[in-house]
Number of protein chains: 2
Amino acid sequence: MELSDAAREFILHWGEMGARWGVNRTVAQVHALLYLSPQALTAEEIGEALSVARSNVSTSLKELQNWNLVQVESRIGDRRDFFRTSSDVWTLFLTVVEQRVEREIVPTLEMLNRCVATARGGGSSQAVVRSRIAAMRDFLEEIHGWYCQVRKLPAPALRSLIGMGSGITRILPKAGRRRLD
Amino acid sequence: MELSDAAREFILHWGEMGARWGVNRTVAQVHALLYLSPQALTAEEIGEALSVARSNVSTSLKELQNWNLVQVESRIGDRRDFFRTSSDVWTLFLTVVEQRVEREIVPTLEMLNRCVATARGGGSSQAVVRSRIAAMRDFLEEIHGWYCQVRKLPAPALRSLIGMGSGITRILPKAGRRRLD
DNA sequence: CATTTATTTCTGTACATACAGAAATTTCTG
DNA sequence: CAGAAATTTCTGTATGTACAGAAATAAATG
């Protein structure tokens, strides 16, 4: 497994991006490598290509499987596992979003609702805290509700929505468009 | 500065969320505190409320100012700086998105374009690498293009877009709606 | 201009995470 | 069921980041 210049730059940058978004650098690199690979790879091959200990590859692959980003393939006559990821970027993107929503947005909404309830009785400064937390809750609820609806759309509809960009507002009913001009 | 139970839980959770999204825990906590506060706060007050050294508060505030999330207020007859953040969640959200796009998406697009160019000449396995990187580039370009258009919308239009959820597809022109049913 | 007060930068330490290698476990083969 | 091969878990080390306190700088007052 010899990495080309482009592949190496891509993988390194991806690792860096992962780190900035709270994903382990090695985990992100392993995923980037699998994304670029035409075939499924063994843990051995991944470790060699990235110069990373197999133990770390193992941990990273487990993590990626927990995120539903990597699947395992078995081959008859070979006891090794072969790992692959989707080559469809939209699939990958939606998977990550789905996971982060479940792991972070949903628990955060629960926390916010708890807080709003807790801060019910209280003085005037408590009232401000309560309304601010409630505003945050409402915001996340709104985004989350939008996400829950949109994720059910078939891929082509989603694509066409994105493709329209702000053009979408041209066909909005009056109520939504009124304040535009 | 005595924190209520709700405020404390909110701030701690927010710090945890920040950590998961690549934001320093203390930075996120400082911002959460400012978000809940009815008035602008001094570095001293922030440090006291969060039990954090003033030096860290200073660093965190600087970071938040770099992100355009925190503003400084001066008061006549007081030499201290007072720090505040917007209480409008949409404003905060859009600020963060704008910053992350500039700092991460745009540079990533540049990297991807470099890689696609680099991988131009090359064998058959290089062809796969090139097409995968190009696919990623196209995806990010699409999302980024959408973002660039949508961010120019006035807040009410954006709100109504979100509010519609998947209902938006009901008024899509035929081309976008065709494959829905 | 000396003195006090606020803020920022610097530096050592503590803590947490990443990781390599070893050990243990599981899976497969004859 | 013994032996081999692959994988996972465990453990010590190393690297990096966070942060408190000190030092330095900047701002303001009398």
Side-chain angles (χ1 to χ4, degrees), chain A residues 1 11-12 14-34 39-67 70-84 103, chain B residues 1 11-12 14-34 39-67 69-85 103:
Chain A
M1 281 295 292
I11 290 168
L12 289 176
W14 216 244
E16 209 49 52
M17 280 304 105
R20 291 216 200 177
W21 287 80
V23 176
N24 178 287
R25 180 178 279 107
T26 307
V27 170
Q29 288 181 352
V30 169
H31 185 257
L33 175 65
L34 288 178
Q39 328 90 25
L41 300 176
T42 65
E44 176 80 29
E45 290 171 317
I46 294 169
E48 197 208 337
L50 300 178
S51 301
V52 162
R54 261 227 301 277
S55 55
N56 289 333
V57 176
S58 174
T59 308
S60 300
L61 286 169
K62 199 108 195 209
E63 179 80 358
L64 286 166
Q65 286 172 269
N66 288 340
W67 283 78
V70 160
Q71 293 79 37
V72 188
E73 264 179 37
S74 292
R75 297 185 187 174
I76 43 173
D78 198 327
R79 60 183 75 166
R80 294 172 301 176
D81 285 347
F82 288 78
F83 300 92
R84 57 168 217 83
R103 295 171 183 217
Chain B
M1 278 295 290
I11 290 169
L12 289 176
W14 216 244
E16 210 48 54
M17 281 302 106
R20 291 214 198 179
W21 289 81
V23 176
N24 180 287
R25 178 177 283 105
T26 306
V27 171
Q29 287 181 353
V30 169
H31 186 257
L33 175 65
L34 289 177
Q39 330 89 23
L41 300 176
T42 64
E44 177 80 27
E45 291 170 316
I46 295 170
E48 197 208 338
L50 301 179
S51 302
V52 162
R54 261 228 302 275
S55 55
N56 291 331
V57 175
S58 174
T59 308
S60 299
L61 286 169
K62 200 107 196 210
E63 179 80 0
L64 286 166
Q65 285 172 270
N66 288 339
W67 282 79
L69 285 172
V70 159
Q71 292 80 38
V72 188
E73 265 180 36
S74 291
R75 299 187 186 169
I76 42 174
D78 198 327
R79 57 184 80 165
R80 295 172 301 175
D81 285 347
F82 289 78
F83 302 92
R84 55 168 218 84
T85 189
R103 294 171 183 217

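Within every chain, numbering begins at 1; the chains are lettered A, B, ... in the order of the sequence lines, protein sequences first and strands thereafter.
The interatomic distance linking L61(B) (CG) with dT8(C) (C1') rounds to 12 Å, in whole Å. With rounding to whole Å, N24(B) atom CG is found 14 Å from dC15(C) atom C1'. With rounding to whole Å, L50(A) atom CG is found 16 Å from dA18(C) atom P. Atom pair Q65(B):CD and dT7(C):C1' shows a separation of 11 Å (rounding to whole Å applied). Distance CD (E44(B)) to P (dT8(C)): 13 Å, rounded to an integer number of Å. For the pair Q29(A) CD and dC19(C) C1', the computed distance is 13 Å after rounding to whole Å.
Nearest-nucleotide mapping onto DNA chain C: of R79(A) and N56(A), the residue sitting toward the 5' end is N56(A). Between G77(A) and V27(A), the residue anchored closer to the 5' end of DNA chain C is V27(A), taking for each the nucleotide with the nearest heavy atom. In terms of position along DNA chain D, the nucleotide closest to D78(A) lies nearer the 5' end than the nucleotide closest to the other residue of the pair D78(A) and S55(A).
Contact between A28(A) and G15(A) at its shortest, heavy atoms only, is CB-CA, 3.8 Å.
Contacts of T42(A) with the nucleic acid, taken as non-hydrogen atoms under 4.0 Å apart, are absent. Within 4.0 Å of R25(B), counting heavy atoms only, lies no atom of the nucleic acid at all.
Side-chain atoms of T42(A) and F83(A), non-hydrogen and from C-beta on, never get closer than 4.5 Å to each other. The shortest side-chain heavy-atom distance between E63(A) and N24(A) does not fall under the 4.5 Å cut-off. Counting only heavy atoms from C-beta outward, the side chains of L50(A) and V30(A) approach each other to under 4.5 Å.
The cationic group of R25(B) does not satisfy the cation-pi geometry with W14(B), failing either the under 6.0 Å distance to the six-membered ring centre or the 45° limit from the ring axis. In this structure, R20(A) fails the cation-pi test against W21(B), since its NZ or CZ atom is not both closer than 6.0 Å to the six-membered ring centre and inside 45 degrees of the ring normal.
Interface limits on DNA chain D: the 5'-most and 3'-most nucleotides within less than 4.0 Å of chain B heavy atoms are dA18(D) to dT29(D).
Summarising the base pairing, dA22(D) is matched to dT9(C) through a Watson-Crick or G-U wobble pair whose two defining distances lie under 3.5 Å.
Between E73(A) and R84(A) a salt bridge is recorded (basic side-chain N to carboxylate O distance below 4.0 Å).
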